[in-house]
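Both ligands and their constituent atoms are indexed starting at 1 by order of listing. Only heavy atoms go into these numbers, but all of them, side chains included; no hydrogens, no water, no symmetry mates.
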Amino acid sequence: MSTTVTPELLEALRRRVGGIVMLPGDPGYDEARLVWNGMIDRYPIAVVRAATVGDIGPVIEFAADTGLPLAVRGGGHNVAGNGTTDGGIVLDLGSLNFVEVDAPTSTVRVEGGATLAHVDAATTIHDLAVPLGVVSGTGVAGLTLGGGLGWLTRAHGLTADNLLSAEVVTAEGRTVRASAEENPDLFWGIRGGGGNFGVVAYFTFRAHPLPAEVYAGNLVYSPEHWTGALAAWEAWTRDLPDEMQSIVSVLVPPASWELGDEHVMLVGFAWASPDKEEGARVAGLLRDAAPPDGAVVAPTPWTAWQSGMDELFPKGSRAYWKNAAFDRLDAEVIDVLVRRATEQTWTGTAFDIHHMGGAFARVPADATPFPARDARFWLNVYGFWADPGDDRERTAFVRGLAQDMAPFATGGQYVNFMGREDVHDWHAQAAAVYGPEKLERLVALKRRYDPANLFRLNHNIPPG
Ligand code: FAD
């Protein structure tokens with residue numbers, strides 16, 4: 001039951017926080033209500049831009065007291081649009097982006113609103129890196145809480161696998177530490193269970209040695225070579241050192257990439273080791289098996305590599321995503337992927353295939369809620385486009401490709417690669433993501449930390 005929100009009540013909220021409280025009509029409100037996905041067009045009652053982590057507790061309390069929906073926003077990149085809400089409160093942590101690197105212990109403390117760019121910029125000067133995602137404006141918070149796939153997944157695991165501890169503000173407004181030693185149940189839940197259990201004020205990560213310049217690049221294939229390239233890539237991925245991470249993408253590149261205006265397949269790779277000659281040798285095996293039509297490969301500054309895809313995904317892009325873990329990439333599966341990929345003709349992407357395994361696969365299945373540790377590949381069917389008039393057609397494309405791949409899916413889904421759906425049964429949806437056993441554990445945790453489901457604007461784990 002929600003309280004009527006009066007101007008006095010909002011004035012009281014303003015007095016309780018150090019950050020700016022933006023109401024409809026205020027300067028900045030129209031920008032502040034928006035998130036990265038331009039299809040999400042919502043009007044919150046207020047957006048609170050936290051000035052310090054001390055603002056988190058009062059906003060949680062305000063939402064609990066009034067019964068208003070509470071959207072927590074880190075980087076605002078969530079494709080389902082969970083960083084904003086109609087008729088509720090947005091807690092925007094975007095100004096809380098402090099990053100502290102302790103080089104001697106290779107640990108990195110990160111405030112709850114930092115983006116990947118903030119972390120990479122701070123770590124690379126120490127020749128260190130935390131495994132993160134591949135687009136620099138993404139929020140560390142959402143990325144970590146859902147899992148975190150990127151160019152270091154095979155070398156060092158998910159972002160969540162490298163979390164050492166977190167300071168979490170709970171639904172009761174208490175700050176608790178979660179780590180292997182303190183509140184280990186909560187620590188388990190936040191490494192894949194999303195923002196269901198509280199607001200993370202600080203994350204502490206383990207960082208790994210990585211040269212400031214990495215051997216990385218893209219092999220470019222035109223459509224007539226896609227079938228052969230995918231078959232060769234599948235064979236190549238069977239026996240790769242963990243240091244080699246590769247992601248296959250089909251996309252129509254932006255003009256500035258000078259790759260033409262037709263769709264291409266890119267086999268992107270990054271070699272997470274200082275031994276560039278060995279990286280070139282390993283990449284050369286694929287080049288020999290499937291000679292590319294073009295290649296852009298060179299030692300590249302890590303921060304440039306991490307932001308190299310940014311231009312393709314400007315804020316306000318319209319997006320709808322689906323994903324699946326799968327093991328087979330034989331002729332039948334390749335046929336499906338190639339047939340669908342040739343339909344993609346607009347600037348943006350058709351799909352990514354992440355090669356899994358390595359350190360990711362060595363984390364025991366029950367160590368985190370993240371599903372399908374044994375999957376060889378993860379498919380992200382991700383549509384991006386600019387014109388609202390294309391919404392129906394582009395969304396249908398994503399659904400169609402995901403549907404055709406469904407027979408090959410091995411189970412489990414990645415919450416961070418899920419778009420907005422009209423979900424009628426959250427329990428069933430969460431079961432499809434995590435599987436019944438992990439879901440049972442997550443529900444027990446939710447009952448303990450958020451029995452009233454205050455944190456429900458997410459891929460929700462219902463307590464009841
Ligand atoms: P937000 O919308 O701010 O938040 C996402 C979710 O986390 C919401 O439910 C929110 O309530 C919750 N949340 C946010 N901050 C906090 C906090 N401090 N405490 C508690 N809960 C919080 N994923 C990958 O794994 N690898 C990639 O390479 C990758 N690339 C991407 C590229 C683009 C262009 C986009 C749009 C997304 C990408 N993603 C990737 C997906 C991304 O991980 C998710 O969209 C993720 O939810 C983004 O986190 P955020 O903090 O930016 O989002």
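- A donor atom on one side chain and an acceptor atom on the other are not found under 3.5 Å apart for Asn380 and Trp321.
- By the side chain to side chain contact (heavy atoms under 4.5 Å, CB included) test, Ala325 is found to be paired with Ala372, Ala375, Trp378, Thr410, residues two or more places apart in sequence or in another chain being considered.
- For Tyr43, the side chain to side chain contact (heavy atoms under 4.5 Å, CB included) partners are Tyr29, Arg33, Asp41, Asp86, not counting sequence neighbours.
- Judged as a ring-ring contact (aromatic ring centres under 6.0 Å, His included), not a single pair has a partner in residues 163-195 (not counting sequence neighbours).
- Between Tyr414 and His354, a ring centre-to-centre spacing not shorter than 6.0 Å is recorded.
- Side chains of Thr138 and His77: a donor on one and an acceptor on the other come within 3.5 Å.
- Sorted by chain and number, the residues within 4.0 Å of ligand 1 by heavy atom are Trp36, Val72, Arg73, Gly74, Gly75, Gly76, His77, Asn78, Val79, Asn82, Gly83, Leu93, Gly112, Gly133, Val134, Val135, Thr138, Gly139, Ala141, Gly142, Leu143, Leu145, Gly148, Leu149, Gly195, Gly198, Val199, Val200, Phe313, Trp321, Tyr414, Asn416, Phe417, Leu457, Asn458.
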